[in-house]
Peer 1: 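Sending over a structure as structure tokens; questions will come in a sec.
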Amino acid sequence: MRRFEGKAVLVTGGATGIGFATALRFAREGASVAIMGRRASVGEEALAELRRHAPQERTLFVRGDVSSEADVERCVEETVQAFGRIDALVNNAAMASSVELVRAGTEEWKPVFDVIAFGTYFCTRAVARRMIERGEGGAIVNVSSINAYRALPFSSHYNAAKGASDQLMRCAAVELAEHGIRVNAVQPGFIDTPMSFVDGENELETDWFKDIYVQRRKIPQARAGGPEEVASVVAFLASEDASYVCGAAIPVDGGLSVTF
Ligand SMILES: NC(=O)c1ccc[n+]([C@@H]2O[C@H](COP(=O)([O-])OP(=O)(O)OC[C@H]3O[C@@H](n4cnc5c(N)ncnc54)[C@H](O)[C@@H]3O)[C@@H](O)[C@H]2O)c1
């Protein structure tokens, strides 16, 4: 399938994990792809890998922090300068940490909200303005989480920020529909990426994960997902195959969120 020939896509946090798998998916389907991230060395390494699958002129790394309005404006401008357009934005950048609600402070809450809630807002606004000016519509896909509507201990800041980004997605979907811009989200469950590492340990390799989620099938499909299994749903939502999907949040979690 090459659904994105002649299209340009910007993926935030696109150098690793789900973001990189998504960038690769779009590139393989013919899109020009810009990955945005803060770390030059990680970004350049991801770019080199992307260029093994797509021509150099269809790939770009833009260095910036999604929580900085100035960085977002510059990175969006650099992408438009390089590709002449942006047809799809994937709001994927995020950070997480583990902290008890009553012990957490602004130093834990603020960075998480800055990236997930404000970062998603800044990128959505900057790209939507370009799409409206261009007048050809577009698609915005947020990589949210089942944490947006399910609760686990020690991640109140992350869960609340993901909830905010889901509601921003719905509001943007309603406001931008008249411009032909569709806004949707995917809500991953446990996915095998760098974010699976908590305090240096891969939670997917722990005994408790294997016991509860795999052996007892708390995840009905009894396994974690791969980043490419999220990327394929992101690509679907960004494509014309999802032409009548607007304001939807699709779980990609092996069935985890429908069990109790
Ligand atoms: N891995 C999972 O189990 C899981 C589950 C649910 C949701 N998610 C979501 O998937 C998305 C991708 O995460 P991942 O699992 O691939 O982990 P990841 O850590 O590989 O990806 C996050 C990316 O965002 C980048 N990033 C962080 N802060 C940034 C900033 N201020 N500006 C620009 N880039 C920034 C990181 O450098 C990294 O490249 C995130 O939104 C995450 O919340 C992941």
Side-chain angles (χ1 to χ4, degrees), residues 10-25 34-47 49-50 61-76 79 89-98 110-123 126 141-152 155 157-166 168-169 185-198 202-206 209 213 219 223-231 233-234 249-254 256-257:
L10 173 62
V11 183
T12 71
T16 62
I18 293 168
F20 182 69
T22 301
L24 204 52
R25 175 81 193 215
I35 53 180
M36 178 178 175
R38 294 160 305 170
R39 295 167 296 173
S41 59
V42 179
E44 293 300 341
E45 207 176 300
L47 186 63
E49 179 60 22
L50 209 53
F61 168 61
V62 286
R63 188 177 180 188
D65 180 336
V66 294
S67 67
S68 155
E69 283 186 82
D71 280 14
V72 168
E73 292 299 329
R74 180 181 43 75
C75 288
V76 168
T79 304
L89 164 69
V90 182
N91 282 311
N92 167 79
M95 62 175 291
S97 60
S98 180
K110 194 171 180 311
V112 169
F113 263 77
D114 280 347
V115 177
I116 296 175
F118 282 93
T120 300
Y121 170 56
F122 295 149
C123 293
V141 183
N142 291 357
V143 180
S144 174
S145 171
I146 59 169
N147 293 51
Y149 63 103
R150 291 284 186 270
L152 281 177
S155 53
H157 49 347
Y158 177 80
N159 293 5
K162 287 291 186 183
S165 101
D166 270 16
L168 169 62
M169 177 277 291
V186 293
Q187 295 170 323
F190 286 101
I191 309 296
D192 193 0
T193 74
M195 205 173 268
S196 311
F197 284 80
V198 179
N202 185 349
E203 64 181 352
L204 307 179
E205 299 295 330
T206 58
F209 179 83
Y213 291 99
I219 299 174
R223 63 175 177 85
E228 63 289 342
E229 292 179 292
V230 181
V233 185
V234 173
I250 302 182
V252 185
D253 64 356
L256 173 58
S257 58

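In each ligand, atom 1 is the first atom listed, and ligand 1 is the first ligand listed.
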Peer 1: Which pair of heavy atoms, one from A23 and one from G14, lies closest together, and at what distance?
Peer 2: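 In terms of heavy atoms, the two residues are closest at CB-O, 4.3 Å.
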Peer 1: For F20 and ligand 1, answer yes if some heavy atom of the residue is under 4.0 Å from a ligand atom, otherwise no.
Peer 2: no
Peer 1: Are any of the N/O atoms on Y158, whether in the backbone or the side chain, positioned under 3.5 angstrom from an N/O atom of ligand 1?
Peer 2: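 Min N/O separation from ligand 1 is below 3.5 Å for Y158.
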Peer 1: Could a heavy atom of A224 be found less than 4.0 Å from some atom of ligand 1?
Peer 2: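 It does not; every heavy atom stays at 4.0 Å or beyond.
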Peer 1: For atom 11 (C) of ligand 1, what is the closest protein heavy atom, and at what distance to 0.1 Å?
Peer 2: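 For this ligand atom, the closest protein heavy atom is N92 OD1, 3.2 Å.
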Peer 1: Return yes when atom CZ of F190 has more than 12 non-hydrogen atoms of other residues, nucleotides or ligands closer than 6.0 Å, and no otherwise.
Peer 2: yes
Peer 1: Tell me, do L24 and E228 make a side-chain contact under 4.5 Å, heavy atoms counted?
Peer 2: no
Peer 1: With a 4.0 Å cut-off on heavy atoms, does S68 reach ligand 1?
Peer 2: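 Contact check S68 vs ligand 1: negative.
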Peer 1: Against ligand 1, does Q187 come closer than 4.0 Å with any heavy atom?
Peer 2: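 Flag not set, Q187 not near ligand 1.
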Peer 1: In the protein, which heavy atom is nearest to atom 6 (C) of ligand 1, and how far is it?
Peer 2: P188 O, 3.3 Å
Peer 1: Which residue holds the protein heavy atom closest to atom 44 (C) of ligand 1, what is that atom called, and what is the gap in Å?
Peer 2: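 For atom 44 (C) of ligand 1, the nearest protein heavy atom is I18 CD1, 3.9 Å.
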Peer 1: Before signing off on this row, confirm whether R39 and ligand 1 have an N or O atom pair separated by under 3.5 Å.
Peer 2: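 Between R39 and ligand 1, an N or O pair is found under 3.5 Å apart.
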Peer 1: Of all the non-hydrogen atoms in the protein, which one sits nearest to atom 14 (P) of ligand 1, and at what distance?
Peer 2: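 Atom 14 (P) of ligand 1 sits closest to the protein heavy atom T193 OG1, 3.4 Å.
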Peer 1: So, R25 side chain and V233 main chain: donor-acceptor pair closer than 3.5 Å or not?
Peer 2: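 Side chain of R25 to backbone of V233, a donor-acceptor pair under 3.5 Å: no, none is there.
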Peer 1: Give a yes or no on whether E203 atom CD has more than 12 heavy-atom contacts from other residues, nucleotides or ligands under 6.0 Å away.
Peer 2: yes
Peer 1: Are the side chains of S165 and N91 in touch, meaning some heavy atoms are under 4.5 Å apart?
Peer 2: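 Heavy-atom side-chain distance check fails, nothing below 4.5 Å.
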Peer 1: Below a 4.0 angstrom heavy-atom separation, can you tell me which part of A93, side chain or backbone, both or neither, approaches ligand 1?
Peer 2: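 The part of A93 near ligand 1 is both the backbone and the side chain.
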Peer 1: Could you check whether any side-chain heavy atom of R150 comes within less than 4.5 Å of a side-chain heavy atom of D253, counting everything from C-beta outward?
Peer 2: no
Peer 1: Could you list which atoms of ligand 1 come closer than 4.0 Å to a heavy atom of K162?
Peer 2: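 Checking each atom against K162, I get 40 (C), 41 (O), 42 (C), 43 (O).
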Peer 1: What residue and atom, counting heavy atoms only, is the protein's closest point to atom 39 (O) of ligand 1, and at what distance?
Peer 2: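 Residue, atom and distance for the closest contact: T16 OG1, 2.7 Å.
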Peer 1: Among all the protein's non-hydrogen atoms, which is closest to atom 7 (C) of ligand 1, and how far away is it?
Peer 2: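 Going atom by atom, the protein heavy atom closest to atom 7 (C) of ligand 1 ends up being S144 O, 3.1 Å.
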Peer 1: Of all the non-hydrogen atoms in the protein, which one sits nearest to atom 5 (C) of ligand 1, and at what distance?
Peer 2: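 Looking only at protein heavy atoms, the one closest to atom 5 (C) of ligand 1 is G189 O, 2.8 Å.
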Peer 1: Within the supplied structure, the quantity of interest is the number of heavy atoms (other residues, nucleotides, ligands) at a distance under 6.0 Å from F113 CZ; does it exceed 12?
Peer 2: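 Correct, the count exceeds 12.
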Peer 1: Assess T12 for proximity to ligand 1: is some non-hydrogen atom of it under 4.0 Å away?
Peer 2: no
Peer 1: Testing the 3.5 Å rule here: is there a donor-acceptor pair between the side chains of D65 and S67?
Peer 2: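 Yes.
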Peer 1: If you measure every N/O of V115 against every N/O of ligand 1, is any gap under 3.5 Å?
Peer 2: no
Peer 1: I want to check something: taking the side chain as every heavy atom from C-beta on, are L168 and T120 in contact at a cut-off of under 4.5 Å?
Peer 2: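 They are in contact (side-chain heavy atoms under 4.5 Å apart), so the answer is yes.
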Peer 1: Please check if the side chain of N92 supplies one atom and the backbone of V143 the other of a donor-acceptor pair under 3.5 Å.
Peer 2: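 Not at all, since once roles are kept as given, no pair shorter than 3.5 Å links the two residues.
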Peer 1: What is the closest protein heavy atom to atom 13 (O) of ligand 1, and at what distance does it sit?
Peer 2: M195 CE, 3.9 Å
Peer 1: As a test of understanding, state which of I116, V186, D166 forms a side-chain contact (heavy atoms from CB on, under 4.5 Å) with S144.
Peer 2: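 Testing each of I116, V186, D166 against S144, the sole residue satisfying side-chain contact (heavy atoms from CB on, under 4.5 Å) is D166.
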Peer 1: Just by distance, do the side chain of R63 and the backbone of R38 share a donor-acceptor pair under 3.5 Å?
Peer 2: yes
Peer 1: Check ligand 1 against P194 and write out every atom of the ligand that is under 4.0 Å from a heavy-atom position of the residue.
Peer 2: 20 (O)
Peer 1: If you measure every N or O of I191 against every N or O of ligand 1, does any of those distances drop under 3.5 Å?
Peer 2: yes
Peer 1: Under a 4.0 angstrom heavy-atom cut-off, which atoms of ligand 1 come close to V143?
Peer 2: 9 (C), 10 (O), 11 (C), 41 (O)
Peer 1: For atom 28 (N) of ligand 1, which of R38, M95, M36 has the closest heavy atom?
Peer 2: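 Heavy atom nearest to atom 28 (N) of ligand 1 belongs to R38.
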Peer 1: Out of all atoms in ligand 1, which are within 4.0 Å of some heavy atom of G64? Include the element for each.
Peer 2: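 Under 4.0 Å from G64, ligand 1 has these atoms: 32 (N), 33 (C).
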Peer 1: Give a yes or no answer on whether the side chain of S155 reaches the backbone of Y158 with a donor-acceptor pair at less than 3.5 Å.
Peer 2: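 It does not hold such a pair.
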Peer 1: Using a strict 4.0 Å cut-off to heavy atoms of G17, name the atoms of ligand 1 that fall inside it.
Peer 2: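 Ligand 1 atoms under the 4.0 Å threshold to G17: 16 (O), 20 (O).
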